[in-house]
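Inspection log for the structure reproduced underneath, given as structure tokens.
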Amino acid sequence: MAYWLMKSEPDVYGIADLERDRTELWDGVRNYQARNFLTSMALGDRAFFYHSNTKPPGVVGLMEIVAINVVDPTQFDPSSQYYDPKSSLDSPRWHTVTVGYLETFAQVVTLDQLKETFIPDELWVVRRGNRLSVMPIDDAIAEKLLQMAQTSRV
DNA sequence: GCCAACGTTGGC
DNA sequence: GCCAACGTTGGC
């Protein structure tokens with residue numbers, strides 16, 4: 001079982017939305033590096049939910065990968081902001097996963113905390129100027145992160 | 001709201 | 001294939 005980190009803006013889709021919906025197709029990723037990580041995910045992998053573009057940014061909960069190699073339907077929808085005219089039904093460009101809700105942490109593990117604890121090579125989200133929205137996390141780092149999420153409870 | 005970082009596009 | 005211009009991300 002591998003660990004990942006996936007970013008979303010809570011104004012667009014946050015952990016509370018996923019808690020309500022229980023599962024969600026993670027659509028709209030249009031970056032090849034991020035897509036390649038999505039397509040290398042396996043059923044049962046865990047992913048940390050990261051809230052970006054909010055105050056404070058940070059890791060807010062945990063998800064499970066419940067479906068893999070899902071074709072992102074928004075690439076074929078001209079009315080979608082994620083429409084990709086260069087993609088075709090024969091050979092879709094964009095594959096993704098469906099995530100399932102597992103847990104909302106009692107407190108956000110903030111980006112500030114993450115920067116204090118991890119170096120950029122350990123956790124890419126603390127890299128300066130990092131814009132990648134899907135990234136792998138080593139087991140040891142993931143376990144440390146889970147401990148932080150537990151101990152941050154009041 | 002600003003702007004640094006960075007990925008993508010397109011002219012050449 | 002280079003690289004300037006442009007658009008987007010995302011922290012601050």
Side-chain angles (χ1 to χ4, degrees), chain A residues 2-21 24-41 45-63 65 68-99 101-138 141-142 144-149 151-154:
Chain A
Y3 284 97
W4 308 87
L5 181 146
M6 299 166 77
K7 293 182 188 172
S8 182
E9 302 185 18
D11 287 351
V12 178
Y13 195 85
I15 189 81
D17 299 303
L18 182 60
E19 182 177 15
R20 179 197 61 219
D21 298 338
E24 180 73 2
L25 193 149
W26 201 268
D27 60 13
V29 172
R30 293 294 179 270
N31 169 285
Y32 286 103
Q33 194 181 3
R35 182 207 61 183
N36 292 344
F37 286 134
L38 286 170
T39 54
S40 59
M41 289 180 179
D45 280 1
R46 301 283 166 98
F48 291 95
F49 198 132
Y50 180 93
H51 277 179
S52 63
N53 242 324
T54 188
K55 288 182 181 179
V59 173
V60 295
L62 197 62
M63 309 182 277
I65 306 307
I68 58 172
N69 292 320
V70 182
V71 173
D72 184 342
T74 61
Q75 66 194 304
F76 306 121
D77 177 4
S79 68
S80 168
Q81 62 171 316
Y82 303 123
Y83 176 60
D84 183 353
K86 293 174 185 166
S87 188
S88 70
L89 284 164
D90 292 353
S91 60
R93 285 190 177 193
W94 306 106
H95 290 75
T96 185
V97 297
T98 300
V99 295
Y101 176 82
L102 284 183
E103 180 186 359
T104 302
F105 299 143
Q107 292 201 330
V108 180
V109 181
T110 66
L111 181 57
D112 280 348
Q113 287 175 268
L114 296 174
K115 284 178 176 170
E116 286 167 13
T117 310
F118 300 107
I119 61 170
D121 280 352
E122 291 177 324
L123 189 67
W124 299 357
V125 82
V126 306
R127 282 184 186 172
R128 188 146 180 261
N130 166 67
R131 288 167 44 186
L132 189 63
S133 67
V134 179
M135 63 190 73
I137 300 190
D138 282 351
I141 304 301
K144 211 165 168 182
L145 193 45
L146 283 172
Q147 280 178 11
M148 290 173 74
T151 55
S152 69
R153 277 179 193 153
V154 183

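Residue numbers begin at 1 in each chain, while the letters A, B, ... track the order of the sequences.
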Quickly work out the A/Asn53 CG to B/dC3 C1' distance and round it to whole Å.
13 Å
Could you tell me whether A/Asp112 and A/Lys115 have a side-chain N and a carboxylate O separated by less than 4.0 Å?
no
Taking the six-membered ring for Trp, are A/Trp94 and A/Tyr32 closer than 6.0 Å centroid to centroid?
yes
By the 4.0 Å heavy-atom rule, please label A/Lys7 as base, sugar-phosphate, or nothing.
sugar-phosphate
In plain terms, say whether A/Arg93 and A/Asp84 are close enough for a salt bridge, that is, a side-chain N and a carboxylate O under 4.0 Å apart.
yes
Rounded to whole angstroms, how far apart are CG on A/Leu114 and C1' on C/dC12?
16 Å
Return the value, rounded to whole Å, for the distance between atom NZ of A/Lys55 and atom C1' of C/dC12.
7 Å
Just how far, in rounded Å, is P of B/dT8 from CZ of A/Arg93?
11 Å
If I take atom CD in residue A/Gln81 and atom C1' in nucleotide C/dT9, what distance separates them, rounded to the nearest angstrom?
13 Å
Heavy-atom side-chain contact between A/Asp72 and A/Arg35 under 4.5 Å:
no
Consider the side chain of A/Asn31, meaning its heavy atoms from C-beta on, and name the nucleotide among C/dC12, B/dT9, B/dG7 that approaches it most closely.
B/dG7
Taking only side-chain N and O atoms of A/Tyr50, does any of them lie within less than 4.0 angstrom of OP1 or OP2 on C/dG11?
yes
Between CG of A/Leu132 and C1' of B/dC6 the distance, given in whole Å, is 11 Å
Measure the distance from CG on A/Asn130 to P on C/dC12 and round it to the nearest whole Å.
12 Å
Looking at the side chain of A/Arg131, which of C/dG11, B/dT9, C/dT8 is the nearest nucleotide?
C/dT8
Output the single nucleotide from B/dG7, C/dG11, B/dA4 whose closest atom is nearest the side chain of A/Pro57.
C/dG11
Rounded to the Å, how far apart are A/Asp84 CG and B/dG7 P?
18 Å
May I ask you to verify if any side-chain N or O of A/Arg128 is less than 4.0 angstrom from the OP1 or OP2 atom of B/dA5?
yes
For A/Trp26 together with A/Tyr13, are the ring centres under 6.0 Å from each other?
no
